**Q** 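For reference, the structure I am asking about is given below.
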Amino acid sequence: MLNQELAQILSLMADYLDMDEAFFESRAYSKVARVLESMEQDVGVIYQKGGIKAIKQIQGVGQGIAYKIEEYIKTGRVSRLGQLKKKCPVDLENLSRVEGLGPRKIKILYKKLKIKNLKDLGKAAKAGKVALLDGFGSQSEQNILGAIKFVKASNERFPIGEILPLVREIIKELEDLPLGGQISLAGSLRRMKETIKDADILITSNKPEQVMEHFVKIKGVVKIWAQGKTKSSVRFKKGFDCDLRVVKKKSFGAALQYFTGSKDHNISTRKIAKKKGLKLNEYGVYKGDRQIAGKTEKQVYQAIGLPYIEPELRTNSGEIEAGLNNQLPKLIGYDDIKGDVHCHTNWSDGRESIKSLARAAKKFGYQYLAITDHAGFLKIAHALDEKQLIKQMSQIDKVNQKLSGIKLIKGAEVDIRPDGSLAIEDKVLAQLGLVIGAVHSMFKMNRKDMTQRLIKAMNNPNLNIVAHPTGRVFRKRQGYQLDWPIIFKAAKKTRTALEINAHTTRLDLKDIHIRQAIESGVKLVISADVHPISYLSMVEYGIAQARRGWAESKDILNTRPLKSFLKYFE
Ligand code: DGT
Ligand code: CA
């Protein structure tokens, strides 16, 4: 996790340097930030083993940056960042999250209007002062006002991918204690909700004081809100809180049910218990004063007349009724995906060669992998043109011959132009085994035009999958609006699958759209939009998203073996 922290800091430094017009240095910092983001090995470990010399071996790292990295590993801070902030005292972290604002525009806002933070920006925009600046205008002012709201709202919650790995480490530390008994995640994390406010953990132990003593000292704790015998609450450096509760063995299931929530699900389950003349609370299910269930969740549900309900379904959106009628879906399992169908290599903006990505995917347990580098006009992602695609296809053929145990599909992620046409000639697309289409430009089209854009693309017989269908990016971009019933109808008719993009910054489609898509008979795929190898494991978040959308294995095409996966598109 040190890699991600450092990447964030270096990239923030790059922005400050950019504002300071140290463009060359800025580029160097942001390059290293990107390298760290996707590096497999932990920088901390590299430093431990080989010191500063080993740090300098990391791609793009020169003397200066190496010392900054060392300073951060040793002290948890980089003093140069403080100096840069002093020189230009603006809240770049939040301001640059406003869509359309980069370091240069932020500098103009600071120089001309003394805008330092979101609050200043909101005030100035409301007063119409921003529109008057060169390079802004009234449309841009309106966009800024909308974007501020979005940033403020997304500041309150973290994408699950930023929190779950950390909390798993915390749980592992607690598990390693010779003091604990059973332990489990609870709350929104256990429900695998796409964003998380705070983490909840339950544990059984007959030495609660010692458990708590250890918990509040775990690495990364920056504040102790409360330390008690049954509940402690701390803040982690990353900025989120974590509650740990010690519960009795005989109540573990009931506590788990209660603290997993959601609150609305709990209200419904309690009502059901009441109807049966029972009482359900965090200690158990009671008939009068007698506990009739509580040790396991399954028993708790059973006692009130329900089958076990998977945490991802607990949102009070029909799961209770389905449970009562024995109509709960048999959710797709976390091991059901047979291959990733959206992968980038170093032919475009990925990091790996075709071969090494294939090997990693085989090791990950996959039977197949679609190589879908960017193709069309997306320059920043080094999109391939027709000629390069043809060249790549023959390369993939060669690699396929040498591989065993995994098959590569020749594919591409093609830009969908604003008019809905695909940015690669049809006769080349027709030679590919899998064509993904994606919107990478003109995000601000209105609902009707964007819907038409996608419909036209889906009507191209060469298109198989629409990637990240709403284009939303956490903390960066709200998705564009679509007319869903029309999209689903066209997807079904043209046998176009919609993607559940599992990348933690996307999670696109959302759960509600997944559920509607399935009800409309649309097939889906789950893919991790693999760039570096480490992304492969992000598939878990996509599966969680699918489960929250009530998806079964049969709804997700890449749970099928290769042949029948491809057959759907014939
Ligand atoms: P979050 O933290 O906003 O991402 O979402 P949760 O679901 O983790 O919410 P949190 O941490 O406030 O509470 C954890 C669980 O505790 C919640 O899912 C259900 C339960 N809970 C909390 N407050 C209440 C309440 O007022 N009534 C009931 N029935 N359950 C509650
Ligand atoms: Ca919580």
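Source: prediction; values computed, not measured. Every number for a ligand or one of its atoms is a count from 1 in the order of the listing.
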**Q** Under a strict 4.0 Å criterion on non-hydrogen atoms, which protein residues are in contact with ligand 1?
**A**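 Contacts of ligand 1 under 4.0 Å: Arg157, Gly187, Ser188, Arg191, Ile196, Lys197, Asp198, Asp200, Tyr258, Phe259, Thr260, Gly261, Ser262, Lys263, Asn266, Arg270.
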
**Q** Where does the angle between the aromatic ring planes of Tyr308 and Tyr301 fall among parallel (under 30°), tilted (30 to 60°) and perpendicular (over 60°)?
**A**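 Perpendicular, since the angle between the ring planes exceeds 60°.
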
**Q** Decide if the gap between the ring center of His503 and the ring center of His342 is smaller than 6.0 angstrom.
**A**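 Not under 6.0 Å, so no.
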
**Q** Within Asp200, is some N, O or S atom less than 3.0 Å away from the Ca ion (ligand 2)?
**A**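 Within the cut-off used here (under 3.0 Å), Asp200 does place an N, O or S atom near the Ca ion (ligand 2).
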
**Q** Looking at side-chain heavy atoms only, is the closest gap between Ser96 and Ile106 below 4.5 Å?
**A**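 When only atoms from C-beta onward are counted, Ile106 and Ser96 do touch, with a gap below 4.5 Å.
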
**Q** Looking at every non-hydrogen atom in both residues, tell me the closest pair between Met538 and Ala502 and how far apart they are.
**A**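 Heavy-atom minimum between the residues: O-CB, 3.4 Å.
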
**Q** Within the 4.5 Å heavy-atom criterion, are Val247 and Thr230 side-chain neighbours or not?
**A**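 No, their side chains stay 4.5 Å or more apart.
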
**Q** For Lys363, give me all partners under salt bridge (charged side-chain N to carboxylate O under 4.0 Å, His left out), at least two apart in sequence or on another chain.
**A**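 Residues passing salt bridge (charged side-chain N to carboxylate O under 4.0 Å, His left out) with Lys363: none at all.
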
